[in-house]
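The figures that follow rest on heavy atoms only: side chains count, while hydrogens, waters and symmetry mates do not. Here is the naming used below: chain letters follow the sequence lines, and residue numbers restart at 1 for every chain.
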Amino acid sequence: MTDFSIRKVWIIAKREYLERVRTRSFLLSTFVTPVLMGTFLILPTLISTSTARGILQDSERPARVVIASDNRALAELASGELTRQHGTRYQPSVVSPASPAEREQLDKKLDDSDIEGYVWLDASAIASRHVVFTTRRMGDFILQGRLGDALSYAFAEQQMVKQGSSAIDVAATLQRVDLKAVRAGSTSATYNEIRGAVVVFILMFVMLFSLLSYGVMVMRSVMEEKSSRITEVLMCAASAPELMSGKILGTGSVGLTQIGVWLGMAGFGASRSLYLRTAMTALDVGPSLIVYFVVFYMLGYLLYSAIFAGVGAIFNSIDEAQQWNFVVILPLIAASAMILPVATDSDSLLSVSASLFPFCSPILMFERLAVHDPPRWQVALSLLLLVAAIGATMFVSARIYRTGILMYGKRPTIRELSRWLLHA
Amino acid sequence: MTPAVELLEVRKSYGGYVAVDGLSFSILPAHIFGLLGPNGAGKTSTIRMMIGITSPDSGSVQLFGEPLRRRALRRVGYLPEERGLYRRMTVGANLVFLGQLAGLSVATSKQRIDAWTKRLDIEDWVDRRVEELSKGMQQKIQFIAALLHDPDLIVMDEPFAGLDPVNTMQLKDVLVGLRAAGKSILFSTHRMDQVEKLCDSICLINRGKAVLQGSLSEVKNSNGRRFVQIDYEGDGGCLAGNPLIDSLNDYGNHAELRLKPGADSQELLQSAMRQLRVLRFQVMDPSLEQIFIERIAGKDD
């Protein structure tokens, strides 16, 4: 009775796969999701990060800022520094002296969008160094930071010149320090904040979304077969483990197909568009990261789909299953809450233990791999625990599945469930 | 001849509830076997053990002379009582899928689907989705699905439930043809009239136990020719006190009665002729339904 036919699993998986891939919802989610994600996730990130790197330098209109001050030398120093550091990115101009009439005119220019903002450097601002920048671009922290830097530089230079330093000395003294973090024991893997942020968010989202939707798909599919009473027809031809594995593999392949299509689209986009290629290079998505992603995705899927298959066999309708669904996805919610803490402190005790916990590790260990190089033994241990958890879950689910798919009507009690489990 | 299936003292309980209790029977090739019993008697539980969906707590199940193995199930066709198809798939795709699972190649499946659908007059429906079909139509498809791989043992749980008389006849003819081809057929039902016309032997179960079993004629004989109908003129009141009669339905000039066990119908005829003018006196075969009701209802008292 124990023989397990790979051929039957294959037939069942194939049917499941073909039926799901042909649905309109699959096509829609495969081709619309990247568009939505691009709009909501990639674009803003790309724009702000590429602004930082000057990728979009040529395509974007330079920001016009006015520095108004009675101290013309100071204003010109700041304006010069801004241009020196950031080239044509900004188009600063100087207004001096700063009279109330000038200010009215500047406000009007702001209203007409002729300038992006102006700095008002009156005597009290110079004395207290509390400077007001009036702008419509309240969210552009990069511009504000750079403007502040340029002003600080100008203040310092003017001060030093006043004290008798030469311009060359001033430049040398005020040269900025460029700090780059390199991970201990590694020569190549520089911690890349931008890559960290973007990769974490895109891939985490894809993984969470996909684990959840394909897990639930397995559950629905089990329920459908149960409620349409086809299970009983199948049971003579195939055993419960064959049915369950076929279903899990078939549905999982649909998920992999979808992710494959997305990766393919990204690759194709990168090969055709300079803009996307530059962005991808900036993100620094290497092949090893893709491999990690696929491995952790597949293992995570096996774990969650096994649970969902069991849940599907227990209940008769989606409504009934709803409250238990919540229990199943709780670890996924916890994992998504941990994404930020893990990104900022990837080696803390909390991050390490969460990334070892099998129900979170597909997401969090992958995240650590994306953000840092976690120690090898931790990666190995998390994989080991994950595989062990898959084995245990499959075992329990297969037993519940075997009995549950032939039980119609009443929802089983916990006691009945445990009897299904123990019953040989 | 090796029986296609042989159950020996099979017992199965779920929790505290005994569904099948020490049941034994076997089905020979070229036989139609009726598994009868009221709802909840244990028919489906018995069938599930026969085809390896569940295993018995004790006792043995042999398929084709060997202990049950999954491989042997390739020779079994099963039409469960709770049956369904993939609603969004076409009839043809459903059947090819089930044929493949039963071990057929796609080409062979298609060939046989073609032949069967022609035989059952549904060849126009092959490319339709299942959800477009009527219940009865779906049932014919499931019937085909159970037979596609040419099984030697065919197990059908309430195969005619919900079918109109024309379709019932059509499927009945198929089953009779399969018996002629040497197949063993088990069919389970609580509809006695169907069994009577079709089965070679039966097993009547109630509460998991066999109440009555054997060939159809054995069963009828062992239940005696105890049913009598009389058409008469005169005062039928004298029948009521007759010591030979067990139970009586008197309609005034027509009476239906059951003799006491061991009573001779000829003796009754003689005593009736002394008091009445007998127009017609007929000893009837008991119908299975009468036996069924008598046995099951009798147990319940």
Flag, side chain of B:Arg83 to backbone of A:Thr231, donor-acceptor distance under 3.5 Å: no
Residues, nucleotides or ligands: over 12 heavy atoms within 6.0 Å of B:Tyr17 OH: yes
Neighbour count >12 (heavy atoms, 6.0 Å) for atom CZ, B:Arg179: yes
Can you see which heavy atom on [X] is nearest to which on [Y], and at what distance?
X: B:Leu85; Y: A:Ser228; value: O-OG, 4.0 Å
X: B:Thr44; Y: A:Glu232; value: CG2-OE2, 4.3 Å
X: B:Ile53; Y: A:Met235; value: CD1-CB, 3.5 Å
X: A:Cys236; Y: B:Leu73; value: O-CD1, 3.8 Å
X: A:Leu234; Y: B:Phe97; value: CD2-CE2, 3.7 Å
X: A:Lys8; Y: B:Leu101; value: CE-O, 3.4 Å

A:Arg22, part contacting chain B, at a heavy-atom distance under 4.5 Å: neither
Working for side-chain contact (heavy atoms from CB on, under 4.5 Å), residues B:Asn94 and A:Ile230: CA-CA 11 Å; B:Asn94 264 287; A:Ile230 186 145; 4.3 Å; yes
Leading residue by heavy atom contact count with chain B [cutoff under 4.5 Å; candidates A:Glu19, A:Glu224, A:Arg15]: A:Arg15
No-hydrogen, no-angle side-chain donor-acceptor test under 3.5 Å, A:Glu225 and B:Tyr86: yes
Most chain A-contacting option - heavy-atom pairs closer than 4.5 Å, from B:Arg74, B:Arg87, B:Met89: B:Met89
